[in-house]
Participant: 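Below are the structure tokens for one structure; questions will follow.
For the single chain, residues carry numbers from 1 onward in sequence order. Here the structure is a predicted model, which is why all the values come from computation and not from measurement.
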Amino acid sequence: MNSDYNRVKGSRRAAQETLMEFQDHFSNHADEYARFRPGYPEELYDFLASLVPGSGTAWDCATGNGQAAVSLARRLRFVAATDASLRQLARAHRDPKVGYVAALADATPLRDASIDLTTVALALHWFDQDRFYEEVRRVVKPGGVLACWTYHLQRVDAKVDAVVQRLYSDVLGGYWAPEIRHVETGYQSLAFPFEEIPHRPFCVGARWNLARLAEFMGTWSASRKYFEETGRKAVDEVRGELAEAWGDPRETREIVWDLHLRVGRV
């Protein structure tokens, strides 16, 4: 797919020169992030692909381990996947229809008007949104699509959810970055200056045991900051309560995250 990448890529110099500006919240635990974060539903990718030509190209911005990029590549001709973290890119899923490159969200090597669909999964709140939107307007073809999504706290049952809320608010309350407020509002607190496209609800589902859920919560940015400052795992502060609420730790239980999307025509 080198010919496809050559059609969308421009100069890498500007992107590489600005990587030092990147505030990295996840590279130090890229392995855990890749292993313990849930995947997104196939129905979401079907919906996004339906909004652009079948032979179209996508840009997956802040691709992380590339899970969204690879899923989009099954539906589109080519996906350019960018991330400012070299550690994340080193662990990304390989696919012949995905081209990975290190770049900030607002300074990419993509050519003008070369992309049909831009996607951002769980990362828009970390960006300088005004600068990112300008980059989107530059690289996306007129009438193309920008889709951004996030999720907040998972749902298990009332008892487990109450313990998780205590971990989130009481234990980690002072460790969350200010940007997390946009996740809490499902991105409704963010400006989104595009013609919005209606969509049905989507959710992420998984069936995990207690240890798997604990590992997932350990990938939260606030959990990592807590560990760096205290030397302790934040989830250990509520582990006894969590175990009591869960029951048999070997039992797998259904876990659900509601996805919150902003989708618009550029």
Side-chain angles (χ1 to χ4, degrees), residues 8 37-84 88 92-93 95 97-101 103-106 108 110 112-152 179 182-205 257-266:
V8 300
R37 289 283 172 131
Y40 308 114
E42 294 299 313
E43 295 82 4
L44 171 64
Y45 300 117
D46 290 340
F47 164 68
L48 296 176
S50 75
L51 301 176
V52 301
S55 60
T57 57
W59 166 31
D60 187 41
C61 182
T63 194
N65 63 22
Q67 65 168 274
V70 171
S71 292
L72 288 168
R74 299 191 193 108
R75 296 159 171 85
L76 300 174
R77 188 182 75 243
F78 181 76
V79 179
T82 65
D83 201 288
Q88 291 276 17
H93 305 297
D95 187 284
K97 292 172 65 178
V98 177
Y100 292 101
V101 64
L104 289 176
D106 53 26
T108 73
L110 302 176
D112 295 356
S114 61
I115 296 295
D116 297 292
L117 168 68
T118 295
T119 56
V120 185
L122 272 67
L124 180 63
H125 53 290
W126 299 121
F127 298 170
D128 180 317
Q129 285 87 38
D130 290 339
R131 290 172 57 176
F132 170 65
Y133 293 151
E134 284 303 308
E135 185 72 349
V136 170
R137 292 186 183 98
R138 182 184 71 80
V139 305
V140 173
K141 299 173 185 177
V145 174
L146 169 64
C148 309
W149 64 88
T150 189
Y151 54 68
H152 191 217
E179 292 88 348
H182 299 305
V183 174
E184 294 170 344
T185 66
Y187 282 172
Q188 293 304 306
S189 54
L190 285 174
F192 195 76
F194 304 99
E195 178 187 354
E196 298 218 34
I197 299 171
H199 56 81
R200 71 171 181 81
F202 294 95
C203 64
V204 173
W257 297 259
D258 294 320
L259 281 182
H260 304 284
L261 279 72
R262 304 294 298 271
V263 186
R265 292 281 175 191
V266 178

Participant: What pairs with Arg265 under salt bridge (Lys or Arg N to Asp or Glu O under 4.0 Å), at least two apart in sequence or on another chain?
Facilitator: none

Participant: Using a 3.5 Å distance criterion without hydrogens, assess whether the side chain of Ser189 forms a donor-acceptor pair with backbone atoms of Thr185.
Facilitator: no

Participant: Any side-chain heavy-atom pair from Trp257 and Pro38 closer than 4.5 angstrom?
Facilitator: yes

Participant: With no hydrogens and no angle check, just 3.5 Å: does a side-chain donor-acceptor pair link Thr119 and Trp59?
Facilitator: no

Participant: Taking only residues two or more places apart in sequence, or in another chain, which ones meet Thr63 in a side-chain hydrogen bond (donor to acceptor under 3.5 Å, both in side chains)?
Facilitator: Asp60

Participant: Could you check whether any side-chain heavy atom of Cys148 comes within less than 4.5 Å of a side-chain heavy atom of Phe192, counting everything from C-beta outward?
Facilitator: yes

Participant: Does anything in residues 184-198 pair up under salt bridge (charged side-chain N to carboxylate O under 4.0 Å, His left out), and if so which pairs, sequence neighbours excluded?
Facilitator: Glu196-Arg262

Participant: Can you list the residues that meet the salt bridge (Lys or Arg N to Asp or Glu O under 4.0 Å) rule with Asp46, with sequence neighbours excluded?
Facilitator: Arg75

Participant: So, applying side chain to side chain donor-acceptor pair (under 3.5 Å) with Asp106, which one of Gln129, Arg138, Arg131 is it?
Facilitator: Arg131

Participant: What's the verdict on ring-ring contact (aromatic ring centres under 6.0 Å, His included) for His125 and Tyr187, showing C-alpha distance, side-chain angles and the deciding distance?
Facilitator: CA-CA 8 Å; His125 53 290; Tyr187 282 172; 5.8 Å; yes

Participant: Quick one: sort the Phe194 and Tyr133 rings into parallel, tilted or perpendicular, breaks at 30° and 60°.
Facilitator: perpendicular

Participant: Between the side chain of Lys97 and the main-chain N/O of Ala73, is any donor-acceptor distance below 3.5 Å?
Facilitator: yes

Participant: Return yes if some donor-acceptor pair links the side-chain N/O of Asp95 with the main-chain N/O of Val70 below 3.5 Å, else return no.
Facilitator: no

Participant: Does Gly64 offer a backbone N or O that forms a donor-acceptor pair with the side chain of Asp83 under 3.5 Å?
Facilitator: yes

Participant: Tell me, please, which residues at least two apart from His182 pass ring pair (Phe, Tyr, Trp, His ring centres under 6.0 Å).
Facilitator: none

Participant: Quick check: does any side chain N or O of Glu135 sit under 3.5 Å from a backbone N or O of Ala105, one acting as donor and the other as acceptor?
Facilitator: no

Participant: For Glu134, enumerate each residue passing the salt bridge (Lys or Arg N to Asp or Glu O under 4.0 Å) test, keeping only those at least two apart in sequence or located in another chain.
Facilitator: Arg137

Participant: Taking the six-membered ring for Trp, are Phe202 and Trp149 ring centroids under 6.0 Å apart?
Facilitator: no

